[in-house]
Amino acid sequence: MKNFEVFLEVAKEFFKERIFTDYLRRFAYGIDASCYRYIPKAVIWANNEEEVSSLIKIAGKFEIPLTFRAAGTSLSGQACSDSVLVVCFWKQIKIAKNHESIWCDCGVIGINANEALMPFGKKIGPDPATIANAQIGGIFSNNSSGMCCGVKQNSYHTIKSVRMILEDGSILDTSSDESFNEFCQSHTKLIEDLMALHKEINSDFELKALINKKFTIKNTTGYSLNAFVDFDNPKDILNHIFIGAEGTLGFVSRVEYETIEDMPYKACALLFFKDIYSASEAILLFAKNQAIISAAEIMDYACLQSVKHLKGLPKEILELQEGNCAILIQLESQTKKELEKNIAYLTPKIEQLQTLFKVHFSFDKKEQDSWWLIRKGLLPITAGKRPKGSTVITEDICFFIEDFTQGIAEVIKLFEKYQFKGIIFGHALSGNVHFIITPNLNDSGEAKRFGDFMEELAQMVTRYQGSIKAEHGTGRMVAPFVELEWGEKAYQLNKKIKKLFDGKNIFNPDVILSEDKEIHIKNLKPSLDHYNSVSEFIGKCMECGFCEKFCPTLGFTLTPRQRISVYQEICRLEAKENLSLQEQTELQELKNGYSYYGIETCATCSACANLCPLQIDTANIAKLTKVGNFPKIAKFVAKEFHLMIPLLKGTIAFSNFTESLAKPLSKKINTILKTPAMLDYFPQANSKKEFENCFSPNSLEVVYFSSCLNRLFAPPKEAKDQRNIQEVFESLCQKSKVNVIYPKNLKGLCCSKAFKDYKETAKDMALKTFEALVEASKNGSIPIVCDHSACSLELLERAYEFEELKKVQLKIQDMPSFVLETLIPRLEITPRDSTIGVYAPCATRHYKQKEDNQSALLQIAKLCSKDVFMDKDTKCCGFAGNKGFLNPAMNQSALRNFVRFYDENPIIEGYSSSSTCEIGLSANTKRVWQHIIYLLDSCAKEAKN
């Protein structure tokens, strides 16, 4: 322990505030998608290679183990640590001039690499189901494969170079001859020992034959021994030995993949069979035709039942009977003609297999995506349907294709023997079977059955000479069985490799190799048995991490997965009887910190729900648990709301007048008292006092509900167009010959979002507003438009929760959607030459929203400007209503990549549809951001016809 304390003191000199030792963040960052729980003693955020190199040297000096964490989507316990967990964020992408290779930093998300390569018709080889979330560091270190890549296109077979940091802190870049030659001179002993291993393996013909055979199928059990058989020079061996090493040999900073062709023409068929045995027999046919079939994904009856609720599924799934099974196959080609030829060849062969329904190949991408959504969402979706109190265990094994049918039969027998209800799916074309079981590990009997099940599973797979781990990585789950699968001789070689690169055992100990033969059944996640109204809806979460990548507080406080995990742990400890003194302390620390890390810094943007296959909206934790401290004041403000806006306008006007003094003073006070800060590009007070209806001699009308924020704010002094938004909308409507109707008593109305922490007051305010809108819209006969996307969403979500309004069909639209649908057809638009930026607020893409307001915003921008930029990776700016004034650091953190994107592109001005978002965007990018209608009005005039 003394060593650890000294280690921390030294490390803090380098990492300062980026070392976390508080229990809440240690617990939160210790969570991954596996069934294990390890709580690190410290969490460190590293920003670059130099920091990691220094950290490794310090760790080596004090013999403190390090675990390098990527996205935490891995399933076998390789991303957990009870020592020091290191999180790395850097994620640059560089594509070779000939597009034949791509360099990706460890933090690059797999799908982002493919998006960068898309214009060139290329992609990376690995395609795991988690590619939309998994980072390259993890994909490489687990040798992840996936749906279509099989064995031939995984990391091992498509790697070109690696940039790695070894136990002495040295950095080796195998893409550089200079770096490699210097390394060989400075690490002569390592190179000699490496080549001695190569000689030992290749001189043993029996061992060499075993290695060759076992790597003809998917295999991630143990280290990549095939590197010593497939290659004869140290550079190639070094490139490949780190693949699948799961961070146990050193740190992989960057990899260079050879790119592969992303075939432009694809066709899919979803085939249904009587049972899993007849389906597995079909796989033998598909395996013989791998030259034209790129993927064959098998899904048993339980899988298909679990996804029946998804939209856009084929009707056949609803007609299935107990025991039926499906296989999703995909064909790819460079030309449509060749693809059609392959389909014509394959179809009669498939029909001979006696499928349940007529064979149908689809060329439609939307239909194909809906089928792949079934397969890719299976793990989290089925996990979400697990019994309360149970834990998700997912395993993947691989058989030689001739043993595939019998192998599946053996797995089913094990389910029956150990009384587990499991689901079976997987990459059948590769002989790769995944399955999920959900034991209640709080039950000692069930926990023992799970341990016995794993023992017998490993024995069974070994009898078939298959892989106990096919692509999820050895981790802790299979570490006790590496010797069983490989035999003593090969196992000793695995130990030699570990010792060669990590003599002090500081890199991810107990992963891949462990002296503890029961490590796979230790430190399993405890289950939550008691649920309240909040934990009930988040209890489906299996902590897969799919929700994290667009969270605005990723890298700032907590992510949605972490918020759920910490909240559930609080609930678990509160429900537990006879807490130990340590547990009492932990519970208190979690509760004390959660109000800030879990509630106050949640943007409640629901970006997580859009990504979650179960649509778990983590924002509801904050919405349902946070209660305002001043209910009487809130009630008074709501009642006298018509007085509040003038009062706030006066405050803003005074702040604008004394800006040189007010701005720095407010920022300083904000850091101490958390009072609102006056940001750069701060809006001016809206001078509009009266909201009068605007009539033209025509029949078209619209009710304009101007949000309280837009009644309060006018553009900042830096803006070219100083008009308030009401003037701009009235101008557009006048050009379009549309009458504008304001609701009566608009000054006293609010969508109710401002009172969200006071449920009864919010309800009263919402009802008052809807009554005014019903009257103004003549019982819904006139459309209603709102000028702030977050307020539009609030109105849309609350519109029918009142009994009084259920008979009234209000047509409420966000302003971009209304403008695109109704005004633009009546306008003549002359696009600008200027380059603009567009940001779609999180409210425009909310998962419950029917209208595509994000698309409307972008379409308007493209009509008005020839050059439009949009940072697709920023889904929420983190301003979150008033939180951007109270906690500007949250907004700054959420926009750190956004700012870089707009600094790298020649953008003069930006447009959005949310005034609060626009304040934060302007302050951080140092450019004026305004509502999209300012752009439209500058380009539009009345149509001639």
Side-chain angles (χ1 to χ4, degrees), residues 16-18 20 22 24-25 28 45 89 548 550-560 562-563 566-567 591-608 618-623 625-630 634 648 651-652 655 662-683 709 712-713 716 753-758 788 790 839 841-843 874-899 912 914-926 929:
K16 298 181 171 51
E17 73 282 354
R18 288 182 283 120
F20 310 132
D22 59 286
L24 185 147
R25 283 184 287 184
W45 286 354
F89 289 109
E548 290 187 327
F550 292 141
C551 179
T553 52
L554 173 66
F556 180 63
T557 52
L558 300 184
T559 66
Q562 293 168 340
R563 287 188 171 94
V566 174
Y567 186 84
K591 290 173 74 173
N592 290 346
Y594 198 73
S595 60
Y596 176 75
Y597 289 102
I599 306 298
E600 295 300 331
T601 57
C602 175
T604 64
C605 62
S606 301
C608 49
T618 314
N620 284 325
I621 300 178
K623 289 175 182 177
T625 58
K626 187 180 179 185
V627 179
N629 297 321
F630 308 102
L648 289 170
T651 305
I652 292 172
S655 298
K663 187 181 290 184
L665 184 62
S666 73
K667 289 179 179 178
K668 185 173 268 189
I669 296 174
N670 169 262
T671 60
I672 302 168
L673 302 176
K674 300 302 177 187
T675 52
M678 187 178 180
L679 307 176
D680 296 335
Y681 290 75
F682 198 75
L709 288 165
L712 175 63
F713 295 134
K753 195 172 180 69
F755 301 92
K756 62 187 176 186
D757 297 336
Y758 306 92
H788 192 292
Y839 168 73
C842 52
T874 302
K875 304 297 184 184
C876 176
C877 68
F879 204 88
N882 64 335
K883 291 181 182 179
F885 297 116
L886 299 172
N887 192 353
M890 178 173 155
N891 182 222
Q892 291 164 12
S893 178
L895 291 176
R896 60 189 183 278
N897 294 322
F898 183 91
V899 170
S912 185
S914 163
S915 54
T916 42
C917 296
E918 289 152 21
I919 293 168
L921 296 171
S922 299
N924 284 279
T925 64
K926 309 305 178 190
W929 286 74

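The figures that follow rest on heavy atoms only: side chains count, while hydrogens, waters and symmetry mates do not. Computed from a predicted model, the values in this text were never measured in an experiment.
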query: Going by heavy atoms in the side chains, are Tyr681 and Ile919 under 4.5 Å from each other?
result: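 Tyr681 vs Ile919: side chains apart.
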message: Side chains of Pro683 and Ser915, heavy atoms from C-beta outward: is any pair under 4.5 Å?
response: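 Answer no - side chains too far apart.
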- prompt: Would a 4.5 Å heavy-atom cut-off, applied to side chains only, mark Leu558 and Thr601 as touching?
  reply: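 Of all side-chain heavy-atom pairs linking Thr601 with Leu558, none is under 4.5 Å.
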- prompt: What heavy-atom pair brings Gly920 and Asn891 nearest, and what distance separates the two atoms?
  reply: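 Heavy atoms only, the tightest pair is CA-OD1, 3.2 Å.
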message: Counting neighbours of CZ on Phe630 that are heavy atoms of other residues, nucleotides or ligands and sit closer than 6.0 Å, is the number greater than 12?
response: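 No - once you tally the heavy atoms of other residues, nucleotides and ligands closer than 6.0 Å, there are 12 at most.
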Flag, side chain of Tyr839 to backbone of Cys877, donor-acceptor distance under 3.5 Å: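 Confirmed, Tyr839 side chain pairs with Cys877 backbone.
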query: Which heavy atom in Leu886 sits nearest to a heavy atom in Asn670, and how many Å separate them?
result: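 The pair with the smallest heavy-atom distance is O-ND2, 2.9 Å.
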- prompt: Any side-chain heavy-atom pair from Arg25 and Gln562 closer than 4.5 angstrom?
  reply: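 The answer is no, as the side chains (C-beta and beyond) never meet within the 4.5 Å cut-off.
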query: What pair of heavy atoms forms the shortest contact from Cys602 to Met890, and how long is it?
result: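 Minimum heavy-atom separation between Cys602 and Met890: C-CE, 4.1 Å.
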message: What's the separation between atom CZ in Arg563 and atom CD1 in Ile621, rounded to the nearest 0.5 Å?
response: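 If I round to the nearest 0.5 Å, the distance is 8.5 Å.
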- prompt: Between atom CG of Leu24 and atom OH of Tyr596, what is the distance when rounded to the nearest 0.5 Å?
  reply: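 Result: 12.0 Å between the selected atoms.
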field: Lys926, NZ: over 12 other non-hydrogen atoms inside 6.0 angstrom
entry: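 Count over threshold, so yes.
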- request: Anything under 30° is parallel, anything over 60° is perpendicular, the rest tilted; go ahead and classify Phe713 against Phe885.
  value: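 Correct class here is tilted.
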Heavy-atom pair with the smallest gap, counting every atom of Ala28 and Val566: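 Looks like CB-CG2, 3.9 Å.
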field: Asn887 side, atom CG; Thr553 side, atom OG1 - distance, nearest 0.5 Å
entry: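 Answer for the CG-OG1 pair, Asn887 versus Thr553, is 10.5 Å.
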- prompt: In Å, rounded to the nearest 0.5 Å, how long is the span from CG of Asp757 to NZ of Lys623?
  reply: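 If we round to the nearest 0.5 Å, Asp757:CG and Lys623:NZ are 11.5 Å apart.
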Minimal non-hydrogen separation, Lys667 against Met678, with atom names: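 The answer is CE-O, 3.4 Å.
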task: Kindly say whether the aromatic ring centers of Phe898 and Trp929 come within a distance under 6.0 Å.
output: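 Yes, they do, as the ring centres are separated by less than 6.0 Å.
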message: For the backbone of Ala889 and the side chain of Ser893, can you confirm whether one donor and one acceptor N or O come within less than 3.5 Å of each other?
response: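 It does not hold such a pair.
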query: Can you name the nearest heavy-atom pair linking Lys883 to Ile599, along with the distance?
result: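 Of all heavy-atom pairs spanning Lys883 and Ile599, the closest is NZ-O, 3.4 Å.
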